[in-house]
Amino acid sequence: MEIPSKYSPNETEDRIYAMWLEKKVFKSLPNDKPAYTIVIPPPNVTGVLHMGHMLNNTIQDLLIRRARMRGFNACWVPGTDHASIATEAKVVQKLRKEGIKKSDLSRDAFMEHAWEWTHKHGGIILDQLKKLGASCDWDRTRFTMDPKYYESVIDCFIDLHKKGKIYRGERMINWDPAALTALSDEEVIHKEIQSKLYFLKYQIEGTNEFLTVATTRPETILGDTAVCVNPKDERYTHLHGKKVIVPLVNRAVPVIADEYVEIEFGTGCLKVTPAHDQNDFMLGEKYQLEVINMMNADGTISEAGGMYVGQERFAVRDQIAKDLDAAGLLAKTEEHLNKVGYSERTDVVIEPRLSLQWFVDMKDLSKPALENVMNDTIRFFPPKFKNSYRNWMENIKDWCISRQLWWGHRIPAFYAPDGSFEVAKNIEDAVAQFQAKGASWSAADLKQDDDVLDTWFSSWLWPISVFDGFYSKEELDYYYPTADLVTAPEIMFFWVARMIVAGYEYVGNFPFKNVYYTGIVRDKQGRKMSKSLGNSPDPIELMQQFGADGVRVGMLLSSPAGNDLPFDESLCEQGRNFANKIWNAFRLVKSWEEKIDASLEQPESSAIAVKWMNNRFEQVLAEMEDGYDKFRISEVLMQTYKLIWDDFCAWYLEMAKPSYGKGIDSKTYNDTLDIFQNLLKVLHPFMPFLTEEMWQHMDSWKSESEMICISNWPAAKTFDANIQKEFEEFEQLVTEVRNVRKKQNLPNKEALVVSFMKTANRNSSFDAAFTHLCNISELNEVSEKMNPSFSFMVNGVEYFIPYTASVDVEAEQAKMKEELAYLEGFLKSVEAKLSNERFVQNAPAAVLEGERKKQSDALSKIAAIKEQLG
RNA sequence: GGGAGUUUAGCUCAGCUGGUUCAGAGCAUCUGCCUUACAAGCAGAGGGUCACUGGUUCGAACCCAGUAAUUCCCA
């Protein structure tokens, strides 16, 4: 059979993936085997695959594939998130293009559009994951708005409300005046903005004196109800208890004193607008200040403002500055670098706003979640994230869960005309509950809350609800807790922490054992990859160019847990090259099939090669298992890479390769197949397509297991560190000989004679491999130095290769002198150490011994060079 | 403003208990090679004041303090 010299992933990957699906190898149902479960961080239902997903899902696939091969019942649950605000924004945008305004639609009509949009664009991302090779159990695909999932979210709300953990209250929230909804803190992006600091003059009541107050938002004076100074600020002590007149508005407000005010900032005086600033609200509650809400939901000035009514907030800011200036009440303005909150979705400036919202009281709920991360019941990788987790959980605030949107889980609260309400699963239950309390409202009287729940209020149940855990214990008991969660550190608070909270609250156990935090994928300039910057490559195109395996390797080559990944296409190129390298190793071994000569004995050089390679495999396997335990994925990949490229291809295959025109003995051939098979197994999680393709080409492998993805992971055996040590000497020897060849321009075809000085303890175990690999015609033991010749020392044994005519003797001697000088300097430093009494007294024996060995090695090398120089 | 990191070769990173795993890896670079699996390759080589300053120690990339640069999270 003809195998092309270049591996072409495009012809392979779809075929292999189709085979896996057809054989249902990713399917999982509870059985006798131990479960190993991962739930996917559900991407936005209408989203498309970006590089962050690629990284994330490659890691998950790797973990799940390895687990599957290690004999676990591996279950990777895929699914998507309804992404309330993002999806609704897209639907609104699409409708607008069609000339339809959301406000003209009924809720039901809008929902129809939203579902239509979801069905049209939903699931694209899941198909893209298949290209990547993701071995999810696709039959389990879940969506956070599936009927059963929906129900669990509503039941959770009702339950927490019953427990008194959910309440309704007036709070300062982040208001998006464009989307007309409250946002969670996490949906607000703080940007540094060059703005102005306005210095406003407040007349002190009953005097002609003025107090100057600095503010970035002069329009909010319409809502001022106090001015605050620091009690320690001596400049203003005389004003405590006095009143000042708000400029233009002419309202008299008290001067209050609170430590909150920073003496250094501005003039040290703070205007207090309780309705329009989080901290001012706090001051307002503390000092019982009047609350004037001077702004409408859309960001225009309200009736309560009294002036500029109906005008837009930023227009008023400019206007009021002019008017203040005209009235002589604007002392000055300064440039000021200010942090301003913007809406993640609409990119408008957030308005702090008082409003009635639903909250979850997190204080008690979060306790087990904090404790069990800190005590490593749930382990974070890398562990440094425990610090910020603790910081957040210890200062946790109540969670605002209502959103003024339609796309999502509608809050199950039913209001009576008198404003009283009941939380119930449906309107019938609500009527019954009202009646139980003696209120005889009928269904027609009641109105359900218009708002929906924060998306995270559904996704925090993900590890439970994907198994219908609220309604059936069967699957939950088997699959939960899951093994690993792979996600980005940015959503540690709004997702990871809350899943842990929900896990303890509803299952009484943690949702996952390990959390692996990936880094952020950045471009070469260190910028985060984003659609708006247009600096993100299209993952699908990348996979077409380099193959899914190449891209997987590229992503993992440089991404230790928690570290950002500076993405560069050259990494994928490296991955592709690696695939090709293995492919060609396969071609070589495959070609031996026809060269087997049963009459041949295994040559000694091959026997040692097999022995060493098997030993090497065990050694690296042990290192890899250790790396996996610590989630040091990129290190494991690099170990695998070097094991295959360097150890197997560069050394083993070269040693085992029959000489030109010769056949191969069947023992070496079979040993090589066994070695190759193990290598492919440990490589499979990284490069599933390539390894499966090769597996399918080799009948003897297929007879062990139909497919590599369900074959058995190699069991760890012991290894002999001595063999590796001997190999390293051999490696050095080969390199020295190659250098000599290079110096003389001697091609490998020409055989060489190598001599070595008779020594008692020279190890000869690799001699056969040495003569085979380096084309040595004679390897002689001599008792006298050979001159003139190249000489070098490997582990205390001196080797000689006679000069041929073309050697530049002068240059050789100059080089030797250089080395001599270096060795003498080295010796001096070692001897200085050894003559230091305190070192000799304090250093451990092993260190001392090492230093003495350095000394004796250096001495013998120096002697050898001196002799060579004559 | 509060908190958490990071700084080692041109790039991306290892370096675990202070000492032979101690200055390393991959990529990139340079020099030879179309050598009968692979030029997407082979063989070899060069490359670092371990951010800076001080301290502890017989001994510091590693521990301590300070400085600088930088990233992230929170307000």
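First the proteins, then the strands, lettered A, B, ... as listed; each starts at 1.
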For [N] versus [M], give the span between their [atom1] atoms, rounded off to a whole number of Å.
| N | M | atom1 | result |
| --- | --- | --- | --- |
| U12(B) | C73(B) | C1' | 24 Å |
| A68(B) | C52(B) | C1' | 7 Å |
| A14(B) | G26(B) | P | 16 Å |
| A45(B) | A51(B) | P | 28 Å |
| A9(B) | G48(B) | C1' | 5 Å |
| C16(B) | G32(B) | P | 40 Å |
| A75(B) | C13(B) | P | 28 Å |
| U70(B) | A28(B) | P | 31 Å |

Check your understanding: Between Leu588(A) and Asn391(A), which is nearer to the 5' end of RNA chain B once each is assigned its nearest nucleotide?
Key -> Asn391(A)
Check your understanding: If each of Lys595(A) and Lys642(A) is mapped to the nucleotide of RNA chain B with the nearest heavy atom, which maps nearer the 5' terminus, i.e. the 5' end?
Key -> Lys642(A)
Nearest to the side chain of [X], which nucleotide is it out of [options]?
| X | options | answer |
| --- | --- | --- |
| Gln574(A) | A25(B), C42(B), C27(B) | C27(B) |
| Phe493(A) | C73(B), C38(B), C42(B) | C73(B) |
| Tyr641(A) | C27(B), C38(B), G41(B) | C27(B) |
| Asn739(A) | G44(B), G41(B), A37(B) | G44(B) |
| Lys397(A) | A43(B), C38(B), A75(B) | A75(B) |
| Lys749(A) | A37(B), U36(B), A39(B) | U36(B) |
| Asn577(A) | A40(B), C38(B), G26(B) | A40(B) |
| Asn584(A) | A40(B), C38(B), G3(B) | C38(B) |
| Glu654(A) | A75(B), A37(B), A25(B) | A37(B) |
| Cys649(A) | G32(B), A37(B), U36(B) | A37(B) |

When all nucleic acid strands are considered with a 4.0 Å heavy-atom cut-off, which category describes [X]: base, sugar-phosphate, or nothing?
| X | value |
| --- | --- |
| Arg741(A) | nothing |
| Lys384(A) | sugar-phosphate |
| Asn387(A) | sugar-phosphate |
| Trp592(A) | nothing |
| Arg738(A) | sugar-phosphate |
| Thr735(A) | sugar-phosphate |
| Glu635(A) | sugar-phosphate |

Could you tell me the separation between the [atom1] atom of [X] and the [atom2] atom of [N], rounded to a whole number of Å?
| X | N | atom1 | atom2 | answer |
| --- | --- | --- | --- | --- |
| Asn580(A) | A39(B) | CG | P | 8 Å |
| Asp646(A) | C27(B) | CG | C1' | 13 Å |
| Phe281(A) | A75(B) | CZ | P | 17 Å |
| Leu653(A) | U35(B) | CG | P | 19 Å |
| Glu594(A) | A37(B) | CD | P | 14 Å |
| Asn279(A) | C74(B) | CG | P | 17 Å |
| Gln732(A) | G44(B) | CD | P | 12 Å |
| Leu557(A) | G26(B) | CG | P | 12 Å |

Under 30°, 30 to 60°, or over 60°: which ring-plane class applies to [X] and [Y], parallel, tilted or perpendicular?
| X | Y | answer |
| --- | --- | --- |
| Phe730(A) | Phe770(A) | perpendicular |
| Trp701(A) | Phe676(A) | perpendicular |
| Phe380(A) | Tyr517(A) | perpendicular |

Any side-chain N or O of [X] below 4.0 angstrom from OP1/OP2 of [N]?
| X | N | value |
| --- | --- | --- |
| Lys581(A) | C42(B) | yes |
| Lys657(A) | A37(B) | yes |
| Trp392(A) | A75(B) | no |
| Arg587(A) | U36(B) | no |

Nucleotide forming a Watson-Crick or wobble pair with [N], both distances under 3.5 Å:
| N | answer |
| --- | --- |
| G1(B) | C74(B) |
| G41(B) | C33(B) |
| U67(B) | A51(B) |
| A60(B) | none |
| C27(B) | G10(B) |
| G46(B) | none |

Practice item. With the side chain counted from C-beta on, respond yes when Val515(A) and Phe381(A) share a heavy-atom pair under 4.5 Å apart, and no when they do not. Key: no
Point to revise | Side-chain heavy-atom pair Thr518(A), Ile59(A) within 4.5 angstrom cut-off | key: yes
Exercise for review: Could you check Phe648(A) against Ile582(A) for side chain to side chain contact (heavy atoms under 4.5 Å, CB included), going step by step and ending with a plain yes or no?
Suggested key: CA-CA 10 Å; Phe648(A) 184 65; Ile582(A) 301 159; over 6 Å; no
Check your understanding: Would you say the side chains of Glu728(A) and Gln732(A) form a donor-acceptor pair under 3.5 Å?
Key -> no
Practice item. Go through Val636(A) and Leu556(A) one step at a time and tell me if the side chain to side chain contact (heavy atoms under 4.5 Å, CB included) criterion holds. Key: CA-CA 10 Å; Val636(A) 175; Leu556(A) 293 182; over 6 Å; no
Point to revise | Ion pair Lys386(A)/Asp376(A), N-O distance below 4.0 Å | key: yes
